[in-house]
Amino acid sequence: MKKLFVVLHIVLISFLSYAQNGILTMEDALVKNKTTLAPENLKQLQFIFGSDDYTYLKKDGDKEYWARGNSNGEQNFLTLDNLNDVLKKSGFASITSMPTIQFNKSSEAIMTISGSKIAIDLASGKVRTIIDKSIMSNNIVEESGHGYTAYIQNFNLFVTDGSNAQKVTNDGSKDIVYASSVHREEFGIIKGTFWSNNGKQLAFYRMDQSMVTDYPIIDWSVRPAKNVNIKY
């Protein structure tokens, strides 16, 4: 019996030693890094605005729901059925999967549904539209903290309060670029619009790249493939 125990002990030590010293293959690094070798984390983990509670998207079988917790434990916070009940009462179509939701920006839950950015008061069930889908479909959409939204349409910059849109620029084109990051983001700048702290003033980039030579790029996503010129 002692011999058997010694053999099992040696085998176990050898297995653990191999597991700890195993060399990762290229397949491990490139394929399994997002599956079996992916680090464990809490999906969309964030604090709930105005509280010390945290929330994250938790999976139970095939269903996902938002869990809310603190030092005293966790509880069910928001399910897909709960969310669909609120959405249907406000005229939105039901959704089949839980969207990305921000709980840490305000007392409302902020998400994008059917192309519109909306905010839901979970206590009252009241839903308001922050940015309509007609605006969200444009390029470079950024809202301020005062209810204004800046966006690019047909190369020019517009600002809207949700009801009225004001055209800010008139000479936008593929050569005169507004509200975009400049120098291909080489200096850590990843956007081109900057709202003031009070959300009432807007700074933006204007980039004149008319002197830059067109650089041909082949678009292989269409058939037949076509040439697309970019500034580079």
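Keep in mind that what you see is a predicted model, and the values were worked out from it rather than measured. FYI, side chains are in, hydrogens and waters are out, and symmetry mates aren't considered; it's all heavy atoms of this structure.
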Rounded to the nearest 0.5 Å, how far does [atom2] of [Y] lie from [atom1] of [X]?
| X | Y | atom1 | atom2 | value |
| --- | --- | --- | --- | --- |
| Lys133 | Ile113 | NZ | CD1 | 12.5 Å |
| Phe204 | Ile140 | CZ | CD1 | 12.0 Å |
| Phe103 | Gln44 | CZ | CD | 8.5 Å |
| Leu157 | Asn139 | CG | CG | 12.0 Å |
| Leu83 | Ile95 | CG | CD1 | 4.5 Å |
| Ser51 | Phe49 | OG | CZ | 10.0 Å |

Do we see a donor-acceptor contact under 3.5 Å between the side chains of [X] and [Y]?
| X | Y | answer |
| --- | --- | --- |
| Ser196 | Asn198 | yes |
| Glu74 | Tyr56 | yes |
| Asp132 | Ser134 | yes |

Residue pairs fulfilling salt bridge (charged side-chain N to carboxylate O under 4.0 Å, His left out) with at least one residue in residues 98-108, sequence neighbours excluded: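 Applying salt bridge (charged side-chain N to carboxylate O under 4.0 Å, His left out) to every pair that reaches into residues 98-108, excluding sequence neighbours, yields Glu108-Arg128.
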
Using a strict 4.0 Å threshold on nitrogen-to-oxygen distance, state whether Arg206 and Asp171 make a salt bridge.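 Salt bridge between Arg206 and Asp171, a charged N being under 4.0 Å from a carboxylate O: yes.
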
Are [X] and [Y] connected in the hydrophobic side-chain network, where two residues link if heavy atoms are under 4.5 Å apart?
| X | Y | answer |
| --- | --- | --- |
| Met111 | Val141 | no |
| Leu78 | Ile120 | yes |
| Leu87 | Ile110 | no |
| Val159 | Val177 | no |
| Ile130 | Ile101 | no |

With under 30° as parallel and over 60° as perpendicular, where do the rings of Tyr151 and Phe158 fit, or are they tilted in between?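 Parallel, since the angle between the ring planes stays under 30°.
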
Just wondering, are more than 12 heavy atoms of other shown residues or ligands nearer than 6.0 Å to [atom1] in [X]?
| X | atom1 | answer |
| --- | --- | --- |
| Lys126 | NZ | no |
| Leu45 | CG | yes |
| Asn227 | CG | yes |
| Lys167 | NZ | yes |
| Met26 | CE | no |

So, for [X] and [Y], which heavy atoms are closest and what is the spacing to 0.1 Å?
| X | Y | result |
| --- | --- | --- |
| Gly199 | Ser144 | O-OG, 3.0 Å |
| Val127 | Ser90 | CG2-OG, 3.2 Å |
| Met98 | Thr79 | CE-C, 3.6 Å |
| Trp220 | Ala225 | CE3-CB, 3.7 Å |
| Asp53 | Arg68 | OD2-NE, 2.8 Å |

Quick check: does any side chain N or O of [X] sit under 3.5 Å from a backbone N or O of [Y], one acting as donor and the other as acceptor?
| X | Y | result |
| --- | --- | --- |
| Trp195 | Glu142 | yes |
| Thr129 | Ile131 | no |
| Ser181 | Gly192 | no |
| Asp161 | Asn164 | yes |
| Asn156 | Gly172 | yes |

Got a sec, which residues hit salt bridge (charged side-chain N to carboxylate O under 4.0 Å, His left out) with Lys43, two or more places apart in sequence or on another chain?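 Counting only residues at least two positions away or on another chain, Lys43 forms a salt bridge (charged side-chain N to carboxylate O under 4.0 Å, His left out) with Glu64.
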
Restricting to salt bridge (charged side-chain N to carboxylate O under 4.0 Å, His left out), what partner residues turn up for Asp85, sequence neighbours left out?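 In terms of salt bridge (charged side-chain N to carboxylate O under 4.0 Å, His left out), with neighbours along the sequence ignored, Asp85 is linked to no residue.
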
Apply the side-chain contact (heavy atoms from CB on, under 4.5 Å) test between Tyr65 and each candidate in Leu80, Asn76, Asp81; give the one that qualifies.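 The residue from Leu80, Asn76, Asp81 that satisfies side-chain contact (heavy atoms from CB on, under 4.5 Å) with Tyr65 turns out to be Asn76.
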
Determine, stepwise, if the pair Tyr148 / Leu202 fulfils side-chain contact (heavy atoms from CB on, under 4.5 Å). CA-CA 10 Å; Tyr148 296 113; Leu202 175 67; over 6 Å; no

Holding to side-chain hydrogen bond (donor to acceptor under 3.5 Å, both in side chains), I want the full list of residues that pass it with Gln153, two or more places apart in sequence or in another chain.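 For Gln153, the residues satisfying side-chain hydrogen bond (donor to acceptor under 3.5 Å, both in side chains) (neighbours in sequence not counted) are Asn138.
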
Residues in side-chain hydrogen bond (donor to acceptor under 3.5 Å, both in side chains) with Ser221, at least two apart?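 side-chain hydrogen bond (donor to acceptor under 3.5 Å, both in side chains) check on Ser221 returns Asp219.
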
With side-chain contact (heavy atoms from CB on, under 4.5 Å) as the test, would you mind laying out the steps for Lys231 and Asp175 before giving the verdict? CA-CA 8 Å; Lys231 298 290 185 179; Asp175 291 327; 3.1 Å; yes

For Tyr54, which residues count as a ring-ring contact (aromatic ring centres under 6.0 Å, His included) partner, sequence neighbours excluded?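 Tyr54 satisfies ring-ring contact (aromatic ring centres under 6.0 Å, His included) with no residue once adjacent residues are dropped.
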
Test item: Met136 and Ser116 side chains (from C-beta on) under 4.5 Å apart, heavy atoms: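 The answer is no; the side chains never approach within 4.5 Å.
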
side-chain contact (heavy atoms from CB on, under 4.5 Å), that's the test. Do Ile217 and Tyr232 meet it? Break it down for me. CA-CA 10 Å; Ile217 296 292; Tyr232 186 74; over 6 Å; no

